[in-house]
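Working notes, beginning with the structure itself.
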Amino acid sequence: MNFNIYDFTSFNQWIDNYLYTSLSPFWALIVEMTIIGLVFLTGYALVGLFLVYLERKVCALMQNRIGPNRVGPFGLFQTIADLIKLLLKELISIKQADKLLFNLAPFIVIIASFLCIAAIPFAKGLHAMDFNIGVFYVMAVSSMGVVGILIAGWSSNNKYSLIGAMRSGAQIVSYELSVGLSLITMVVLAGSMQFSTIVEAQSDGWFIFKGHISSVIAFIIFMIASTAETNRGPFDLAEAESELTAGFHTEYSGIKFAFFFLAEYMNMFIVAAIAATVFWGGWMPLHIGGLDGFNHVMDFIPPFVWFFGKTFVIIFLMMWFKWTFPRLRIDQLLTLEWKYLLPINLLNVLLMALMVLMGWHF
Amino acid sequence: MVEEVQNKIDTEEEYTINMGPQHPSTHGVLRFVVSLKGEIVKNVQPHCGYIHRGIERMCEKLTYQQIIHLTDRMDYLSAHINNAAVCLTVESALDIEVPERVKYIRTIIEELNRIASHQLWWCAFGMDLGGLTCFFYGLRDREKILDIFEESTGGRLIQSYNCPGGLMNDIHPNFQQKVKDFIKYFRKVLPEYDQLLTGNVIFQERTKKVGYISKEEAINYGLTGPSGRGSGFACDVRKRAPYHMYDKVNFKEILYTEGDTLARYKVRIDEMWESMNIIEQLIDNIPEGDFAVKMKPIIKLPEGEFFQRVESARGELDVFIVSDGNKNPYRVKFRSPNLVNLSAINIMSKDQKIADLVAISGSLDLVIPCMDR
Amino acid sequence: MNVIGYISSIFKGVISLLKGMKVTGSYFFRPWTVVTQKYPENRKTLVMYERMKGEIVMPHNANNEHKCTGCGICEINCPNGTIEVISKQIQTEEGKKKRIIDKHIYRIGMCTFCGLCVKTCPSNALAFAPNFEHAVFNRAKLTKVLNQEGSVLEKGVE
């Protein structure tokens, strides 16, 4: 076995070989899936908790506050304390709520976000699945979350919840288009839907530099649309605290609420990871063609540091949006999508196709 | 009550929701029963009285000095202005001329109170529209005013600083310097408010042409204060019927004619600038003298009816005292600007979205304890 | 909508959004502008304003003497019955009967800090103290007796 933080392919191969030689193929598959599931579950919880902490610290600093500072050094354990609180809280059952759907909804939301992580390459050779249709898969699976939100709003037997859920439905149906089209713009440039190929193609320069104008437009649209898709401010109409108290999760408490909460943060992580992968080269270090010395220094930083670094920069951007802008109204939200983002996006796909055909990209 | 509301639904497609008494955007215990068609507001019925404490009735059992501590608790965001209203009524009834120094200090503190109130309104309004950061910036700057209040008056939110005949005690020696420092600081910070919220395209879209009320309707409904002036109704009592030092200082009456939420917003932002101008004209010239007239321990108003108008931070606050010559008033009536402003919410928010209802009620700057008294 | 207006509206909107982000971003990268005070930690260095209306106290001098004559004007002036003055009759050395206070009861739970008692006291016996940590577990503890045990009236105060 040769473990190497720059390339996980051989390490994974080694585990794979070891399992298949010592177990029957069926059990080997089961064990492999269990390991991956456990690793992702742990990672999911840790990243989610850290993101909650990060969000609170970032918004506190933007608002001239300190933020969490009581539990542990710099309040690092605050989110863990919050989690314990949420676990211990009473699960309030609602009269006349659709019990089955009410209990099912948080799971659908969290499963949708959980499925997405499978396709994301964290470092070279470090991903659960490497489809040839990775981009397509992520888009398909991530839009499943809205089903959970709709179910939650419907089954709560609460008018606020229903309004929130319906808003969320309208929002995601329209913004899914923009996310898809902006990703398609980059797929045109990459010539592949496979994430590993997309990342490899950026070894001589990230797509945001390679596709210049078109890529930058696509990136901005992706950022706006994905912020809307994750129901985060300024597009948090589905929960719109000041209008709908808490929107679709008004009636949820305890761990069920925690699921929605965690899923929101993980969705943010996922869209940031996709943006980092597709536009900023994923785990690929910053390479500038012709400067070999510089490229070697950049190569020295491990890929997963690059990946998480880029992801957190994008997450920071999204938090910056949320804590600066007021919320849009539902008709303005749809106007923004159908009158601004979609036409620009369609033109942008054409422009990108033209650029690729004429070889105008770097 | 439910039946009564149900009748308000015109068609089968409409439904009602209940906003409040515990709702994040009603800023207290106000309750709206809203008839909705989808997201479109068809009818709003405000229900008040959840924090009714019977202040007017309680006043009938108290002496005129003791009333002050109750008026503090009506419109707690402009407590000093409320106090001044009662004091002015009592002083005019007794024909007492308070010293110049008292007039200066009252004017300065009232304008500071107006700024503090508008700051809190600004942060709450930003929060209503979903911009949570505004809330902390507004409170951060308001804290500086509250510190000035605390140093001189001993109270932060509720000062009880006025008393019939003058002030409870003299201003603190640091008062002038601190006010000057604050104005220097706030002149630097106020443009940030504009950058953060006023110029923001989302904010503009959210507030422009939302909650429109024409000048005629504003007068008919009795909208006063910034809400009325946003519709072009020149109703500033400080100009119309000056009291304190307002006839001696130069200031503009802010008027916008658009009549929408953005206009009401801009009136308040401009009023903060104007209040700073007023304070700057006065702060260096506070004359020496007594901080109060020597009053009798028991004030007895002559028999009759006494009336005083003042411009509180959210509109015209009127005090009407009927006296039968005793040490207690026979009847006290306060005209609360909030209650009157609230009455227009139904026509303002008709056929708007539910998110606009929140913006409109935020732009009226309602303080519920003043409404219910 | 004409094309130029469409495009310029996009740019104007984006610029206005960037202005807002500049404000929040500038505060994010200037952590020293944080205004939060860490309260229980800074308790030692916390200085309250001297006029702060925290609670009403009856100042006693070094000889355990106060200035309260027990006249009850504070009780009359209090708008909500916060103060109750219980006086007793004693025989002075000269043989005269005199009224002095037994207990000056102050119910801080009812006090609205209007300041009328402090202002109207003819012998300046009451004062505001800048103490603000009034939380107790038992409501009965909010009823305080302001004159200390065994304290007497200061000489020269009538």
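Quick caveat: nothing in here was measured; it's all calculated off a predicted structure. The sequence lines fix the lettering, A, B, ..., with proteins before strands; numbering per chain opens at 1.
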Could you tell me the separation between the [atom1] atom of [X] and the [atom2] atom of [Y], rounded to the nearest 0.5 Å?
{"X": "A/Leu61", "Y": "C/Thr24", "atom1": "CG", "atom2": "OG1", "value": "12.0 Å"}
{"X": "A/Phe325", "Y": "C/Leu17", "atom1": "CZ", "atom2": "CG", "value": "4.5 Å"}
{"X": "A/Met62", "Y": "C/Tyr27", "atom1": "CE", "atom2": "OH", "value": "13.0 Å"}
{"X": "A/Gln63", "Y": "C/Thr36", "atom1": "CD", "atom2": "OG1", "value": "10.0 Å"}
{"X": "A/Thr324", "Y": "C/Lys19", "atom1": "OG1", "atom2": "NZ", "value": "15.0 Å"}
{"X": "C/Phe28", "Y": "A/Trp323", "atom1": "CZ", "atom2": "CH2", "value": "13.5 Å"}

Check your understanding: In terms of heavy-atom proximity below 4.5 Å to chain C, should A/Pro343 be classed as side chain, backbone, both, or neither?
Key -> side chain
Exercise for review: Taking the side chain as every heavy atom from C-beta outward, state whether C/Val14 and A/Ile220 have any pair of such atoms under 4.5 Å apart.
Suggested key: no
Practice item. Side chain from CB out, backbone as N, CA, C, O: work out which of these in C/Glu41 comes under 4.5 Å of a heavy atom of chain A, or both, or neither. Key: side chain
Over 12 foreign heavy atoms within 6.0 Å of [atom1], [X]:
{"X": "A/Phe74", "atom1": "CZ", "value": "no"}
{"X": "C/Phe11", "atom1": "CZ", "value": "no"}
{"X": "A/Arg70", "atom1": "CZ", "value": "yes"}
{"X": "C/Ile4", "atom1": "CD1", "value": "no"}

